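Not measured: the values here are computed from a predicted model.
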Amino acid sequence: MSFHTQNRPTLLLGVLSENRTQNRTKSSPSVAVQVSSVLQTNGKSGNGNGNLSDQSKKGMTMKKCQVPNFVLSQPNTVGIIGGASVYSSLLFLEKLVWWSLKDGGECPPFLVCSDTTQYKELPIRSLFQSLKRKATEMKYSSSNWAIIDSLCQKRAFLENSGARCIVMPCHLSHAWHEQISQDCSLSFLHVGECVARELREAKMRPLETGSNVRIGVLAADATLTAGFYQQKLRNQDFEVVVPDKATMEHVVTPAIETLKRRDLEGARNLLRIAVQILLVRGVNIVIIASDELQGILPHDDPLLKKCIDPMDALARSTIKWAKATGNGG
């Protein structure tokens with residue numbers, strides 16, 4: 001299997017990249033989402049006496065018949081927990097559809113629970129600060145319970161709605177994967193495990209004699225501090241290389257900040273430097289574990305041959321699970 005970045009879906013990534021400097025003019029046609037809503041009554045509609053009229057009852061019956069319940073009852077239904085950014089969910093859906101259809105297959109049924117407005121009320125600033133503490137303190141810090149509880153509620157909602165497998169297309173949320181998946185009877189995929197397993201199956205050879213295969217990880221400071229990518233890769237006997245403090249302060253973090261200022265060319269140059277620094281340190285491949293840094297480099301940039309998006313591995317693992325389950329596996 002090839003891990004080159006150009007093998008990923010490019011439509012939505014291209015749209016997002018282009019519109020970091022201008023407003024989106026049209027929506028992506030790649031993903032069609034059907035939504036069924038529940039009709040609520042407050043006793044003030046209908047015939048005026050608190051009861052629904054015959055016409056209203058008839059309308060409710062018709063609406064109920066139109067609800068696509070078969071999606072929720074399929075054994076290979078995927079539940080997707082949205083992250084702090086709606087783009088992470090959209091990008092994953094793009095990948096899920098693209099990889100499903102790539103070889104003539106069908107996209108598995110899926111449910112999405114995403115509430116980005118709720119994240120604005122969570123203590124994100126203190127959340128990032130807590131990530132710099134020891135691992136045990138990071139996982140169980142009181143400042144993290146709000147976001148853990150929010151993610152657990154989303155998981156429960158998806159379970160009760162018919163999902164049979166849970167995925168989180170959000171890098172930072174995986175810092176609490178252990179807590180969120182606790183007591184979950186469903187398959188709960190971990191993006192770090194998915195990408196590490198695919199890299200192991202690729203059977204790469206070390207670039208330097210006598211050393212293990214080296215994998216570079218490029219991400220925002222909070223994700224690197226959480227350390228789950230490093231842990232999952234080391235579990236597969238890889239040597240992990242991350243940017244040093246100077247590179248983070250003067251290259252990686254400025255690249256993300258430059259992108260927020262809509263300076264796409266400046267962000268590209270900084271990202272190229274960051275990737276090249278890791279390549280000089282002898283890595284076989286660079287995992288770009290950041291939605292902000294995806295889609296920045298041009299499609300024909302030779303550096304993309306050395307970069308992968310871990311969310312592609314999560315999407316492929318999701319499809320693999322759905323196919324096995326759909327076939328009675």
Side-chain angles (χ1 to χ4, degrees), residues 8-20 24 26-37 71-72 76-101 107-122 124 127 147-148 150-159 161-177 180-181 186-192 194-195 219-220 222-223 228 256 259 288-295 309-319 321-322:
R8 72 188 178 194
T10 57
L11 177 59
L12 186 55
L13 284 172
V15 171
L16 293 178
S17 177
E18 179 181 355
N19 287 282
R20 285 186 173 112
R24 177 179 293 180
K26 61 180 180 180
S27 60
S28 169
S30 302
V31 181
V33 180
Q34 184 176 12
V35 180
S36 60
S37 59
V71 175
L72 303 178
N76 61 340
T77 299
V78 179
I80 303 170
I81 300 178
S85 169
V86 69
Y87 291 126
S88 61
S89 300
L90 291 174
L91 289 172
F92 181 77
L93 288 175
E94 179 85 8
K95 294 174 185 297
L96 188 64
V97 173
W98 192 89
W99 285 110
S100 296
L101 304 181
C107 182
F110 60 82
L111 301 163
V112 181
C113 184
S114 178
D115 182 12
T116 57
T117 59
Q118 188 175 8
Y119 278 84
K120 297 178 181 180
E121 302 173 359
L122 296 176
I124 299 297
L127 175 71
I147 191 168
I148 293 174
S150 172
L151 293 170
C152 285
Q153 289 183 33
K154 290 179 173 65
R155 189 209 79 186
F157 171 81
L158 292 170
E159 286 182 285
S161 299
R164 293 297 175 262
C165 176
I166 305 294
V167 296
M168 291 190 302
C170 174
H171 300 284
L172 187 57
S173 295
H174 279 79
W176 304 279
H177 184 278
I180 303 165
S181 62
L186 308 181
S187 297
F188 199 138
L189 303 185
H190 190 294
V191 64
C194 293
V195 68
T223 301
F228 54 86
I256 297 175
L259 190 60
I288 301 184
S290 169
D291 292 327
E292 293 88 350
L293 299 178
Q294 293 293 340
D309 182 351
M311 291 301 167
D312 281 314
L314 181 62
R316 288 189 290 262
S317 295
T318 302
I319 295 166
W321 170 90

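- When every heavy atom of G82 is checked against every heavy atom of S89, the shortest pair comes out as CA-OG, 3.3 Å.
- Contact record, P108 with S100: CD-OG, 3.5 Å, taken as the closest heavy-atom pair.
- Rounding to the nearest 0.5 angstrom, the gap separating the CZ atom in F188 from the CD1 atom in I81 is 4.0 Å.
- The minimum heavy-atom distance linking W321 with V78 is given by the pair CZ3-CG2, 4.0 Å.
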Report the C-alpha separation of I288 and Q294 in whole Å, then their side-chain angles, then the decisive distance to 0.1 Å, and conclude whether the side chain to side chain contact (heavy atoms under 4.5 Å, CB included) test is met.
CA-CA 7 Å; I288 301 184; Q294 293 293 340; 3.5 Å; yes
Quick one, F110 with T318, criterion side chain to side chain contact (heavy atoms under 4.5 Å, CB included). Give me CA distance, side-chain angles, the key distance, then yes/no.
CA-CA 11 Å; F110 60 82; T318 302; over 6 Å; no
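- Minimum heavy-atom separation, C107 to V97: SG-CG2, 4.0 Å.
- Applying the side chain to side chain contact (heavy atoms under 4.5 Å, CB included) criterion to L186, with sequence neighbours excluded, gives E159, R164, I166, C184.
- Rounding to the nearest 0.5 angstrom, the gap separating the CZ atom in R316 from the NZ atom in K95 is 8.5 Å.
- Judged by distance alone, the side chain of H174 and the main-chain N or O of C170 form a donor-acceptor pair under 3.5 Å.
- Atoms CG and OG, on L172 and S290 in that order, are 11.0 Å from each other to the nearest 0.5 Å.
- Counting only heavy atoms from C-beta outward, the side chains of M311 and S88 never approach each other to under 4.5 Å.
- In this structure, CD1 in I180 is found 4.0 Å from CG in L151, a value given to the nearest 0.5 Å.
- Nearest heavy atoms, T77 versus G162: CB-O, 3.6 Å.
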What verdict does the side chain to side chain contact (heavy atoms under 4.5 Å, CB included) test give for Y87 and E292, after you've listed the backbone C-alpha separation in whole Å, the side-chain angles of each residue and the deciding distance to 0.1 Å?
CA-CA 9 Å; Y87 291 126; E292 293 88 350; over 6 Å; no
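- Atom CH2 of residue W99 and atom CZ of residue F92 lie 12.5 Å apart, to the nearest 0.5 angstrom.
- To the nearest 0.5 Å, atom CG of residue L96 and atom CG of residue L91 are 12.5 Å apart.
- Between P169 and I80 the shortest side-chain heavy-atom distance falls below 4.5 Å.
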Given side chain to side chain contact (heavy atoms under 4.5 Å, CB included), test F157 with L111 step by step and report yes or no.
CA-CA 10 Å; F157 171 81; L111 301 163; over 6 Å; no
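- For C194, the side chain to side chain contact (heavy atoms under 4.5 Å, CB included) test picks out L189, R197, A313, L314, S317, with sequence neighbours left out.
- Not counting sequence neighbours, S181 has no partner by the side-chain hydrogen bond (donor to acceptor under 3.5 Å, both in side chains) test.
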